[in-house]
Enquirer: 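Handing you a structure now.
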Number of protein chains: 2
Amino acid sequence: MKSLINFIKDHGLKVTPQRVAMIKTIKANGHINIDDLYKNIKDEFPAISLATLYKNIIQFIEKGLIREIAIPNHKTQYELKYSEHAHFICKKCNLVRDLKFGDEVELKLNISIENIENISINIYGDCCKNI
Amino acid sequence: MKSLINFIKDHGLKVTPQRVAMIKTIKANGHINIDDLYKNIKDEFPAISLATLYKNIIQFIEKGLIREIAIPNHKTQYELKYSEHAHFICKKCNLVRDLKFGDEVELKLNISIENIENISINIYGDCCKNI
DNA sequence: CTGACTGCAAACGTTTTGCACGGTA
DNA sequence: TACCGTGCAAAACGTTTGCAGTCAG
């Protein structure tokens, strides 16, 4: 709990109950889209506004707390930035499963690219055998 | 030219001048977003509607002619599906550069995943040294 | 105390939809 | 000819913005 507060503070942002709740919820879910984040936080803060979520999401991304996972035809998901991994994304049920780098998935770059900020690996498939 | 027509026909879609122009433009550009596609095609078809583009894009994706490249904070880009490669995406200028699989980039999967439909590897960075 | 954050409502841009017409097979 | 595709306009949707009030530092 203390660490969440520092996580926000250390990135140069003011600590508000709403921001703590956002980070807590994102952390608890691993990855989450705006709507689910909104629903989750509304339990704790019935008056919270979607606009606040969007504004903070933008802040979090700019300050490097979270990262976006862009998924075609689905809501963008967000996750804390401290763990690097790939994603398996089911096109049918929209499930997102994390795949560990170096362990489950390895990426080899044979060219030199300067200034890499982020690597996104999404594997799209179908995990719903019985639909 | 004949091959473009067959490319559309073979995927079970009717061949219209608009669709030919779309595939031709996407092919010529490698990857392109809706707006640029619209601008390009408007030269040839001044009366073409954005709605037509969107409807056909959806058809093309469903039938497997093209693939979406979802980029956070930028317009989704589209590319023909027959060539597999990763992307380097500049966060500043929005440039998208193709990186060949097996050659420039290698991906190793150490787990077995059934039913993989598509793999998306996007490397975000900064190619604009002097901005 | 001051600037940053919040919540509301309105605005905005993108994507989708309904419908009448036109073109492909 | 039958059905699919097109273009227009309107609707729907997700996201952003402006503003007045509030809170963290």
Side-chain angles (χ1 to χ4, degrees), chain A residues 1-2 4-25 32-63 65-66 68-78 94, chain B residues 1-2 4-25 32-63 65-66 68-78 94:
Chain A
M1 203 57 173
K2 182 74 181 336
L4 281 192
I5 292 175
N6 284 336
F7 184 65
I8 297 171
K9 201 176 292 181
D10 293 349
H11 284 85
L13 292 171
K14 285 196 178 180
V15 179
T16 67
Q18 292 90 338
R19 287 180 173 170
V20 174
M22 286 179 69
I23 294 294
K24 195 167 62 180
T25 306
I32 193 166
N33 65 38
I34 278 278
D35 286 347
D36 292 339
L37 188 60
Y38 187 55
K39 282 180 208 144
N40 270 268
I41 293 181
K42 242 182 145 51
D43 293 341
E44 197 176 343
F45 294 89
I48 201 168
S49 160
L50 254 181
T52 300
L53 293 192
Y54 278 112
K55 285 169 186 169
N56 283 335
I57 285 286
I58 292 169
Q59 287 296 314
F60 289 169
I61 291 171
E62 278 180 2
K63 297 297 197 307
L65 285 80
I66 68 172
E68 290 186 54
I69 316 170
I71 306 174
N73 302 317
H74 288 291
K75 295 264 175 66
T76 298
Q77 301 219 10
Y78 305 95
N94 199 23
Chain B
M1 202 56 174
K2 182 73 183 335
L4 280 193
I5 291 175
N6 285 336
F7 184 64
I8 297 171
K9 201 177 291 182
D10 293 348
H11 284 85
L13 291 172
K14 284 194 177 178
V15 178
T16 66
Q18 292 90 337
R19 286 180 174 171
V20 173
M22 286 179 68
I23 295 293
K24 195 166 62 180
T25 306
I32 194 167
N33 65 39
I34 279 276
D35 286 346
D36 292 338
L37 189 58
Y38 187 55
K39 281 179 210 144
N40 270 268
I41 294 182
K42 243 181 143 51
D43 292 341
E44 196 176 343
F45 294 90
I48 202 168
S49 162
L50 254 182
T52 299
L53 293 193
Y54 277 112
K55 285 169 186 168
N56 282 335
I57 285 285
I58 292 169
Q59 287 296 315
F60 290 168
I61 292 170
E62 278 181 2
K63 297 295 199 304
L65 285 80
I66 68 173
E68 290 186 55
I69 315 171
I71 306 174
N73 302 318
H74 289 292
K75 296 264 176 64
T76 298
Q77 302 220 10
Y78 304 95
N94 200 22

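Reminder, nothing fancy here: chain letters follow the sequence lines and each chain counts from 1.
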Enquirer: Can you tell me the distance, in whole Å, between the CG atom of N73(B) and the P atom of dT14(C)?
Expert: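 So the two atoms are 14 Å apart, to the nearest Å.
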
Enquirer: Rounded to whole Å, please give me the gap between CG in N56(A) and P in dA4(C).
Expert: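 Checked: the CG to P distance equals 14 Å.
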
Enquirer: For DNA chain C, which residues of residues 33-42 of chain B approach it to below 4.0 angstrom with any heavy atom?
Expert: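 Result for residues 33-42 of chain B: none.
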
Enquirer: Heavy-atom contacts under 4.0 Å between residues 9-19 of chain B and DNA chain D, which residues?
Expert: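 Result for residues 9-19 of chain B: K14(B), T16(B), Q18(B), R19(B), sorted by number.
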
Enquirer: Pull out every residue in residues 43-55 of chain A that has a heavy atom closer than 4.0 Å to any atom of DNA chain C, ordered by number, or say none.
Expert: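 Those residues are A47(A), I48(A), S49(A), A51(A), T52(A), K55(A).
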
Enquirer: Got a second to check how far K24(A)'s NZ is from I5(A)'s CD1, nearest 0.5 Å?
Expert: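 Rounded to the nearest 0.5 Å, the NZ-CD1 separation comes to 10.0 Å.
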
Enquirer: Partners of D36(B) by salt bridge (charged side-chain N to carboxylate O under 4.0 Å, His left out), sequence neighbours excluded?
Expert: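 If we apply the salt bridge (charged side-chain N to carboxylate O under 4.0 Å, His left out) test to D36(B), skipping adjacent residues, the hits are K39(B).
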
Enquirer: Sequence neighbours left out, what passes salt bridge (charged side-chain N to carboxylate O under 4.0 Å, His left out) with K55(A)? Give chain and number order.
Expert: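 So K55(A) forms no salt bridge (charged side-chain N to carboxylate O under 4.0 Å, His left out) with any residue.
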
Enquirer: Restricting to side-chain contact (heavy atoms from CB on, under 4.5 Å), what partner residues turn up for T16(B), sequence neighbours left out?
Expert: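 In terms of side-chain contact (heavy atoms from CB on, under 4.5 Å), with neighbours along the sequence ignored, T16(B) is linked to Q18(B), R19(B).
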
Enquirer: Atom CD1 of I48(B) and atom CD1 of I41(B): how far apart are they, to the nearest 0.5 Å?
Expert: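 Taking CD1 in I48(B) and CD1 in I41(B), the distance rounds to 5.0 Å.
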
Enquirer: Quick check: do I57(A) and M22(A) have side-chain heavy atoms less than 4.5 Å from each other?
Expert: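 I57(A) reaches M22(A) side chain to side chain.
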
Enquirer: To the nearest angstrom, how far is F60(B) atom CZ from dC4(D) atom C1'?
Expert: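 Whole-Å distance recorded here is 14 Å.
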
Enquirer: Without decimals, in angstroms, what is the distance between Q59(A) CD and dT17(D) P?
Expert: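 Result: 12 Å.
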
Enquirer: Expressed as a whole number of angstroms, how long is the span from I57(A):CD1 to dT17(D):C1'?
Expert: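 Atom CD1 in I57(A) sits about 18 Å away from atom C1' in dT17(D).
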
Enquirer: Measure the spacing between CG of L50(B) and OH of Y38(B) and express it to the nearest 0.5 Å.
Expert: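 Nearest 0.5 Å value for the CG-OH distance: 5.0 Å.
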
Enquirer: On a heavy-atom basis, which atom in I23(A) and which in L4(A) lie closest, and how many Å separate them?
Expert: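 So the two residues come closest at CG2-CD2, 3.6 Å.
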
Enquirer: Quickly work out the I71(B) CD1 to dT14(C) P distance and round it to whole Å.
Expert: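 Checked: the CD1 to P distance equals 15 Å.
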
Enquirer: Among N33(B), I69(B), L65(B), I61(B), whose side-chain contact (heavy atoms from CB on, under 4.5 Å) with Y78(B) holds?
Expert: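 When N33(B), I69(B), L65(B), I61(B) are each tested with Y78(B), the side-chain contact (heavy atoms from CB on, under 4.5 Å) holds only for I61(B).
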
Enquirer: Measure CD/E68(B) against C1'/dT14(C) and give the value in whole Å, please.
Expert: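 Those two atoms, CD and C1', are 14 Å apart.
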
Enquirer: Quick one: closest heavy-atom pair of A21(A) and T25(A), and the distance?
Expert: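 The pair with the smallest heavy-atom distance is O-OG1, 2.7 Å.
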
Enquirer: Output the rounded distance in Å from NE2 (H74(A)) to P (dT15(D)).
Expert: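 Taking atom P of dT15(D) as the reference, NE2 of H74(A) is at 14 Å.
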
Enquirer: Say you draw a straight line from CD1 of I71(A) to CD of E68(B); how long is it, rounded to the nearest 0.5 Å?
Expert: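 Reported value, rounded in 0.5 Å steps: 11.5 Å.
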
